[in-house]
Colleague: 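I am attaching a structure below and will ask some questions about it afterwards.
All of these numbers come straight from a predicted model, not from anything done at the bench. We count residues from 1, following the sequence as given. As the structure lists them, so they are numbered: ligands from 1, and atoms in each ligand from 1.
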Amino acid sequence: MTIPREQIEFDVLFVGGGPASLAGAIHLMKLAKSKGIDLEVALIEKGADIGSHALSGAVLNPIALKELIPNYRESGCPIETDVRADEFYLLTRTRHYRIPSVPKSMHNKGFHIISLSKFVSWLGRVAEGLGVNVFPGFAGKEVLYGHDESTVIGVRTGDKGVGKDNAPKANFEPGIDIVAKVTVFGEGPRGSLLQAISKKLRIFEGKMPQVFETGIKEVIQLAETTYFSDSRGNDIHTFGHPLGFNTHGGGFIYEMNDNRVSLGLVVGLSYQDPMLDLYQEFIRFKRHPFISKLIKGGRVIEHGARTIVTGGYYTMPKLVVDGGLFVGASASMLNAPGLKGIHASMKSGMLAAEGIVEAFSEGDFTQETLSSYDQLFEESWLKKELYMGRNFTQAVSKKGIAKFLHIAAQYLTGGRGIIDKMTIQGDSRTLRCLKDDHLHRTRTYEKQAYDGVLFVDKLTGVYLSKTQHREDQPCHLVVRDPSLCINECFDTYRCPCTRFCPGNVYELEIDDKTQEKRLRLNPSNCLHCKTCEIKDPYRNITWICPEGGDGPGYTVV
Ligand code: SF4
């Protein structure tokens, strides 16, 4: 049955309400106005509000923000604190050692500690003030193509009010076809529409696979501030415990205002041990004596999880197709050695905006004309920054001494290192099989005691993310072959989805009497981090966008 759909036309459509799209939309409105070009611009965001799905470290390098809104402080930009100094620690199981010299790429003095959720919400208001039509609660579900099947002409938003059985309910609202001369995709890491475009237009052909880290993060209200003072750094990074040296990642603690800290652990999804449990690692990080002393007496006020795209320059897709541009994290815009992506995402959106203005000046929206975005990127500080870190994630994914040799060589050679264009495996391919591997030890975890205040269990964490999904809708996590989970994955990897999902969405049930196994899904717990689609060793899980407005409700993380 063909569903009649409303069609709305704009000049430019931004898909995704993160820093890339919002900075792009703001820059576009300003540039167009300065050149006397009148544009109708729209921006759609799947979260219920702009900022409700935004979660990041987050230390902001203000380089792009200064270009976008030079008087950002006076304009009400929500900054928690400024970075006074950086501290970098090696954690062993019970001790901590301050590293006297912080790597140059991680020098953040003068940068801003922000809540990404609040920052993005502010950018949304600035964009609206400039005339951008901002539509939160609308998920881009399908890419629309022209008659040639290769020109992007817009996006269809998801239907609302569809039942579990895929049948329309009484409150059914069909999705809208939003068509535009130019569509900018800024969906964030592992964008669903980007995956669809990639299959059709092969934008990742010849590139290395995009690789990811998953970060679990909390904002903690401290009882008293005993650690931070004017003489101490308020931007703290750690490595070592609990991940060790063969699994890359590390922890962070940033001082926020009102006696709060933002604390998190990031784990590289190239890890090999199928028994590794992301949430348990996060709890082990919090329980380290150095960290637990710092947060003692505190209370978790918000919790969330998100993936970060870390592969960098060599994993970037083609940035332009006919009628479409790719910006931000979905296009691998992140400075991996500096652990920062917000400024890179913003700048990519701004460069795309400059390319779009040129295309409107010429009245042509083909790949050829829009490619000025590509050229602008090549000439920008952003390219220089990303190119410096082009082999970094490949190096940190190495094991033992090789890791440190590669990193040192890259620091000495401006990113080239021992091998330039180091290869990397996709994250779904790195798990070791348990059944024929008796050489390696797998992780085990002690039973944790949760107080429900400072140490919360996974389900309380889900509650504190304020995630919600309408129950009666098709499951947005599609397990292609459930029998594979039980018949093959259990023996080989012990169903790692039950451990890499930070939202307790996947549960393995084993019948006491018959020993029959069943994988149960709780999709309403989903934090939209997409770890499952990335790490599943059989590529058996597909994350599809649920109804617009569903998902986390972040306000301060
Ligand atoms: Fe993340 Fe997938 Fe779990 Fe949702 S189901 S929280 S996307 S790992």
Side-chain angles (χ1 to χ4, degrees), residues 16 18 46-47 52-56 139 158 187-195 210-218 249 264-271 274 276-282 302-309 329-330 426-428 430-431 456-471 473-480 482 485 489 493-508 519-547 549-554 557:
K46 71 183 169 66
S52 60
H53 287 190
L55 178 138
S56 153
E187 299 170 276
R190 189 99 186 162
S192 303
L193 299 180
L194 198 81
Q195 299 306 309
Q210 283 194 319
V211 291
F212 300 84
E213 293 172 358
T214 294
I216 302 181
K217 180 185 168 188
E218 288 175 345
L265 181 77
V266 171
V267 182
L269 292 183
S270 60
Y271 70 82
L276 186 145
D277 185 314
L278 292 185
Y279 196 83
Q280 292 296 319
E281 295 297 329
F282 173 66
E302 201 159 279
H303 175 105
R306 179 107 173 137
T307 44
I308 306 156
V309 63
S330 51
D427 296 320
S428 64
T430 58
L431 286 184
V456 300
D457 63 12
K458 234 191 226 187
L459 278 179
T460 310
V462 169
Y463 171 75
L464 290 169
S465 76
K466 302 185 215 72
T467 195
Q468 50 183 332
H469 297 80
R470 190 172 62 80
E471 293 287 339
Q473 65 176 304
C475 182
H476 72 278
L477 297 149
V478 180
V479 180
R480 184 173 33 86
C485 306
C489 189
Y493 303 108
R494 289 285 183 280
C495 298
C497 57
T498 59
R499 292 176 294 280
F500 58 60
C501 169
N504 208 47
V505 170
Y506 302 93
E507 280 185 294
L508 181 70
L519 190 69
R520 194 164 81 102
L521 266 62
N522 310 301
S524 50
N525 288 358
C526 182
L527 302 173
H528 293 205
C529 71
K530 307 192 186 160
T531 306
C532 50
E533 188 178 270
I534 295 163
K535 190 62 183 167
D536 167 29
Y538 295 98
R539 311 309 301 264
N540 198 24
I541 302 172
T542 307
W543 188 96
I544 53 173
C545 208
E547 206 164 88
D550 283 357
Y554 302 137
V557 286

Colleague: If you count the atoms of ligand 1 from 1 in the order shown, which ones are under 4.0 Å from a heavy atom of Lys530?
Modeller: 1 (Fe), 7 (S)
Colleague: Please round to the nearest 0.5 Å and tell me the distance separating atom OG1 of Thr307 and atom CG of Leu527.
Modeller: 11.0 Å
Colleague: With atoms numbered from 1 as shown, which atoms in ligand 1 lie under 4.0 angstrom from a non-hydrogen atom of Cys501?
Modeller: 3 (Fe), 5 (S), 6 (S), 8 (S)
Colleague: Going by heavy atoms, is Phe500 under 4.0 Å from ligand 1?
Modeller: no
Colleague: Closest non-hydrogen protein atom to atom 1 (Fe) of ligand 1, residue and atom name please, with distance?
Modeller: Cys529 SG, 2.3 Å
Colleague: Counting from 1, what ligand 1 atoms have a heavy atom of Val505 closer than 4.0 Å?
Modeller: 3 (Fe), 5 (S)
Colleague: Is a donor on one side and an acceptor on the other found under 3.5 Å between the side chain of Asp277 and the backbone of Tyr279?
Modeller: yes
Colleague: Answer whether the closest heavy-atom distance between the side chains of Cys532 and Val505 falls below 4.5 Å.
Modeller: no
Colleague: For atom 6 (S) of ligand 1, what is the nearest protein heavy atom, given as residue, atom name and distance?
Modeller: Leu527 N, 3.3 Å
Colleague: Please work out whether the ring planes of His528 and His53 are parallel, tilted or perpendicular, with thresholds of 30° and 60°.
Modeller: perpendicular
Colleague: Tyr506 heavy atoms, cut-off 4.0 Å: which ligand 1 atoms fall inside?
Modeller: 5 (S)
Colleague: At a 4.0 Å threshold, what atoms of ligand 1 neighbour a non-hydrogen atom of Cys532?
Modeller: 2 (Fe), 5 (S), 7 (S), 8 (S)
Colleague: To check your reading of the model: name the closest protein heavy atom to atom 4 (Fe) of ligand 1, its residue, and the distance in Å.
Modeller: Cys526 SG, 2.3 Å
Colleague: Please state which part of Asn525 comes within less than 4.0 Å of ligand 1, counting heavy atoms only: side chain, backbone, both or neither.
Modeller: neither
Colleague: Could you list which atoms of ligand 1 come closer than 4.0 Å to a heavy atom of Leu477?
Modeller: 5 (S)
Colleague: For a side-chain contact (heavy atoms from CB on, under 4.5 Å) check, start with the C-alpha distance between Ser270 and Val211, then their side-chain angles and the critical distance, and finish with the verdict.
Modeller: CA-CA 8 Å; Ser270 60; Val211 291; over 6 Å; no
Colleague: Less than 6.0 angstrom from the centroid, inside 45 degrees of the normal: does Lys535 satisfy that with respect to the ring of Tyr271?
Modeller: yes
Colleague: Enumerate the atoms of ligand 1 whose separation from the nearest heavy atom of Trp543 is less than 4.0 angstrom.
Modeller: 7 (S)
Colleague: Give, for atom CG of Leu508 and atom CZ of Arg499, the distance between the pair rounded to the nearest 0.5 Å.
Modeller: 9.0 Å
Colleague: Which of parallel (below 30°), tilted (30 to 60°) and perpendicular (above 60°) describes His476 and Trp543?
Modeller: perpendicular
